[in-house]
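The residues of the chain are indexed from 1 along the displayed sequence. Order of appearance sets the numbers: ligands from 1, and atoms from 1 within every ligand.
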Amino acid sequence: MSNNNNYHFDTLKIRAGYNSSEHNGATQVPIYQTAAFDLYTVEHAQRILNQEEPGYLYSRLQNPTIAALESRVAQLEGATAAVAVASGMAAVSYALLNVGEGGSVIVAAEVYGGTYDAYKRLYPKLGVQVDIVNEINNLSLIRSLIKDDTKAIFIESISNPLNTIADIQALADLAHEHGLPLIVDNTLATPYLLNPFKFGADVVVYSATKALSGQGTVLGGLILESGKFDWSSGRHPQFSEKIYPLGNRSALEVFPSSPFTFRVKINYCRLLGAALSPFSAYLLLLGIETLSERVQKQSDSALKIALFLNSHPKVEWVSHPALESNGQLALYNKYFQKGAGGVFAIKLKGDKATTDKFIEALQLFSYQANIGDARSLIIDPANTTHRELTGEEQLAVHLESGIIRLSIGLEYADDLINDLKQVLDTL
Ligand SMILES: *Cc1c(COP(=O)(O)O)cnc(C)c1O
């Protein structure tokens with residue numbers, strides 16, 4: 001099947017975007033490991049180049065394995081289109097540059113460390129200014145930051161690693177009042193736990209490296225659009241700008257329902273070049289086949305483990321949003337009815353030596369800078385994934401030294417609890 005909106009998520013994640021009869025009956029999406037494609041006739045080449053017919057030219061722009069991935073994830077998310085890129089950082093950066101060109105963006109402070117670093121040290125130099133917001137659900141603060149040249153609001157749906165939940169619906173309403181799109185990094189939630197488009201988001205980005213692929217084998221990223229945002233209001237002239245490779249037509253003219261992702265492809269993938277490899281697309285497709293089953297188990301185990309840790313005398317706090325102490329129960333119940341995913345953070349009582357010992361003594365938690373793997377992982381963000389932040393910035397986003405991030409894998413939950421318990425009891 002290639003296109004059917006009547007099927008449920010679990011059917012789409014196995015079958016959407018691929019029709020075996022177009023690929024010699026191959027059961028699994030084949031890996032088109034080729035840089036370029038035969039064009040045969042000059043006329044055919046022109047039609048593809050002018051976007052007059054879909055077709056394949058060169059794998060930096062289009063490739064059948066990657067197209068199957070893009071179509072599958074677009075259908076899972078209810079998007080009009082998706083574009084796959086080489087990593088989550090490419091997805092975040094291309095989305096923010098594509099929307100922000102020549103202006104500024106309002107961005108959440110509580111985000112992945114690389115994203116925060118790019119706010120400070122990359123985007124302004126490339127012509128996109130950033131206004132960083134520490135409290136993402138403070139609507140009056142955000143409203144006060146909206147200027148004439150503001151182009152978008154960017155958030156993580158549930159933040160890495162402290163699980164701050166953004167009120168997507170309220171933020172989308174606020175953004176739309178001002179003609180702005182809401183862009184959501186939905187990496188921790190995955191399309192299985194949360195569909196930001198349902199609550200009014202306009203663009204969704206993923207690090208597919210994480211729970212979306214789920215086995216720690218591959219780097220990848222995705223950008224998707226709802227197709228509902230009005231890019232022609234005057235705030236985003238780049239979507240109406242004539243592009244030479246489009247035969248002097250604009251992204252909006254050629255792809256009225258998917259100008260955002262199309263423009264990412266034609267300008268950013270084509271010219272900055274972070275294309276996904278066909279083999280990586282294949283691994284992502286394989287991972288997505290088990291997305292619901294993995295993420296549900298990880299969410300369930302994470303909740304069980306969070307409750308255990310929260311009741312342990314050596315643990316100072318646990319960030320899991322299902323815990324009343326975190327004051328997020330209303331948002332958790334609204335946005336995360338199936339669970340909050342496998343990632344959360346804790347702080348132990350004691351000094352740095354205690355934290356270091358805990359990390360090193362665990363047997364079933366690998367010390368790694370990744371999340372969403374089938375294996376349980378642990379890391380100290382202030383010294384690793386979020387070390388780009390200055391001490392002051394770390395404090396502002398509550399990520400000071402001593403905080404530990406856990407990513408719960410697919411092991412038997414009680415084995416993980418026993419491992420944690422044994423080490424905690426020796427501290
Ligand atoms: C890891 C991560 C990224 C960056 O993704 P890469 O695939 O590592 O480039 C972006 N956003 C979030 C929320 C992440 O966890």
Exercise for the section: Report the nearest protein non-hydrogen atom to atom 11 (N) of ligand 1: residue, atom name, distance rounded to 0.1 Å. Expected result: D185 OD2, 2.7 Å

Handout entry: Nearest-contact summary for atom 7 (O) of ligand 1 - protein heavy atom, Å
Key = T209 OG1, 2.6 Å

Handout entry: ligand 1 versus I371: contacting region, heavy-atom distance under 4.0 Å
Key = side chain

Handout entry: Short N or O distance, G88 and ligand 1, threshold 3.5 Å exclusive
Key = yes

Handout entry: Polar atom proximity, T115 to ligand 1 (N or O, under 3.5 Å)
Key = no

Exercise for the section: Evaluate the ring planes of F229 and H236, with Trp represented by its six-membered ring, and classify them as parallel (under 30°), tilted (30 to 60°) or perpendicular (over 60°). Expected result: perpendicular

Exercise for the section: Report the residues that fulfil ring-ring contact (aromatic ring centres under 6.0 Å, His included) with F365, sequence neighbours left out, ordered by chain and then residue number. Expected result: none

Exercise for the section: Please check if atom CD in E177 has more than 12 non-hydrogen atoms from other residues, nucleotides or ligands closer than 6.0 Å. Expected result: yes

Practice task
May I ask which of K210, E156, M89 has a heavy atom nearer to atom 15 (O) of ligand 1 than the others do?
Solution key: K210

Practice task
Give a yes/no verdict on a cation-pi contact between K210 and Y112, requiring under 6.0 Å between NZ or CZ and the six-membered ring centre and an angle within 45° of the axis.
Solution key: yes

Practice task
Enter the distance from S407:OG to I371:CD1 here, rounded to the nearest 0.5 Å.
Solution key: 6.0 Å

